[in-house]
Amino acid sequence: MSHAVRFLHALAHALATMALYSPGHPAGRRAQELALDALRALLAADPDPIFLFLGGPPIYAGRALHELGDWPWGPRFSDISVQRLQFDGLATSESFATLLEQLQARLAGSEAAILGEVHLPGISFGPVAVEAMAS
């Protein structure tokens, strides 16, 4: 399993666990730690990973991750205007925790969710805009 696929599975597990338990619950904290470890492993292999969620399989490094073709989180991310998820080496445990909180808030339809493009230390996410080229 690639680092990218492993990270996306860990991210989904953390979000699902956070939805089941109250904030600060040991199971939620452990799932967040595992997802952060997976992100660090991914960053060691790719210093600037970018994921796109456009309704089909997630896209990473310019190719569709067909092994995640039926992964339910891709369409869910797209539906909450998280069509792009990008990381770099400046990502911290705090910025990653904030990412998870913001994703959870968007998924829950919370008024506290920051909509649109979001920039955190080492992390950015939001919608993808397609621009027509002038001929």
Side-chain angles (χ1 to χ4, degrees):
M1 183 183 318
S2 74
H3 289 294
V5 171
R6 189 170 289 126
F7 167 70
L8 289 177
H9 279 302
L11 177 65
H13 178 73
L15 290 168
T17 303
M18 290 171 64
L20 289 174
Y21 296 101
S22 60
H25 189 279
R29 282 198 314 266
R30 181 69 183 138
Q32 289 180 31
E33 290 169 6
L34 291 173
L36 182 58
D37 289 346
L39 173 61
R40 288 178 175 147
L42 173 62
L43 286 167
D46 178 356
D48 189 33
I50 301 170
F51 295 93
L52 298 175
F53 308 102
L54 304 174
I59 298 169
Y60 169 72
R63 76 168 191 90
L65 298 174
H66 292 292
E67 59 267 50
L68 295 177
D70 61 351
W71 192 61
W73 290 89
R76 290 182 76 189
F77 287 164
S78 184
D79 289 347
I80 59 169
S81 293
V82 178
Q83 297 164 325
R84 183 185 50 76
L85 181 56
Q86 184 171 355
F87 300 93
D88 66 38
L90 298 177
T92 65
S93 57
E94 293 81 13
S95 62
F96 188 70
T98 301
L99 165 70
L100 292 174
E101 291 166 7
Q102 282 300 309
L103 291 176
Q104 194 65 35
R106 286 186 184 201
L107 288 164
S110 170
E111 300 268 337
I114 299 171
L115 300 177
E117 183 74 18
V118 176
H119 298 279
L120 303 166
I123 302 171
S124 63
F125 63 95
V128 171
V130 178
E131 296 180 10
M133 295 185 64
S135 35

For this session: Identify whether Ile59 and Val128 are in the same connected component of the hydrophobic contact network (ILVMFWY, side-chain heavy atoms under 4.5 Å).
Result: yes
Problem set entry | Distance-only side-chain donor-acceptor flag, Arg84 / Ser124, under 3.5 Å | yes
Exercise. Does the side chain of Arg76 come within less than 4.5 Å of Leu107's, by heavy atoms?
Worked result: yes
For this session: Kindly compute the distance separating OG1 (Thr17) from CZ (Arg29), expressed to the nearest 0.5 Å.
Result: 13.0 Å
Problem set entry | Parallel, tilted or perpendicular: ring planes of Phe53 versus Phe51, cut at 30 and 60 degrees | parallel
Problem set entry | Main-chain N/O of Ala91 paired with Ser95 side-chain donor or acceptor, under 3.5 Å | no
Problem set entry | Side chains of Glu101 and Ser110 in contact at under 4.5 Å (non-hydrogen atoms) | no
Problem set entry | Identified side-chain contact (heavy atoms from CB on, under 4.5 Å) counterpart of Phe7 within the set Leu39, Asp46, Leu36 | Leu39
Exercise. Does the side chain to side chain contact (heavy atoms under 4.5 Å, CB included) test come out yes or no for Leu85 and Leu99, once each step is laid out?
Worked result: CA-CA 10 Å; Leu85 181 56; Leu99 165 70; 3.9 Å; yes
Problem set entry | Residues Leu120, Thr92; criterion side chain to side chain contact (heavy atoms under 4.5 Å, CB included); working and verdict | CA-CA 9 Å; Leu120 303 166; Thr92 65; over 6 Å; no
Problem set entry | From NE2 (His13) to CG (Leu8), nearest 0.5 Å | 14.5 Å
For this session: Give me the ring orientation class for His25 and Tyr21: parallel if the planes are under 30° apart, tilted from 30 to 60°, perpendicular past 60°.
Result: parallel
Problem set entry | Gap between atom CG of Leu103 and atom CD1 of Ile80 - 0.5 Å precision | 5.5 Å
Problem set entry | From CA spacing to verdict: side chain to side chain contact (heavy atoms under 4.5 Å, CB included), Phe87, Asp48 | CA-CA 6 Å; Phe87 300 93; Asp48 189 33; over 6 Å; no
For this session: With the side chain counted from C-beta on, respond yes when Val118 and Arg106 share a heavy-atom pair under 4.5 Å apart, and no when they do not.
Result: yes
Exercise. Are side-chain heavy atoms of Val5 and Leu68 found at a separation under 4.5 Å?
Worked result: yes
Exercise. Side chains of Phe125 and His119: closer than 4.5 Å at any heavy-atom pair?
Worked result: no
Exercise. Does the side chain to side chain contact (heavy atoms under 4.5 Å, CB included) test come out yes or no for Leu100 and Met18, once each step is laid out?
Worked result: CA-CA 9 Å; Leu100 292 174; Met18 290 171 64; 3.8 Å; yes
Problem set entry | Straight-line distance of Ser81 OG to Glu117 CD, nearest 0.5 Å | 10.5 Å
Exercise. Where do Pro75 and Gly55 come nearest, in terms of heavy atoms and distance?
Worked result: CG-O, 4.0 Å
Problem set entry | Test item: Gln83 and Leu54 side chains (from C-beta on) under 4.5 Å apart, heavy atoms | yes
Problem set entry | OG on Ser2 to CG on Leu65, rounded to 0.5 Å | 6.0 Å
Exercise. What is the distance from atom NE2 of His66 to atom CH2 of Trp71, rounded to the nearest 0.5 Å?
Worked result: 15.5 Å
Exercise. Tell me, do Pro58 and Leu52 make a side-chain contact under 4.5 Å, heavy atoms counted?
Worked result: no
For this session: For the residue pair Tyr60 and Pro49, establish whether any side-chain heavy-atom pair is separated by less than 4.5 Å.
Result: yes
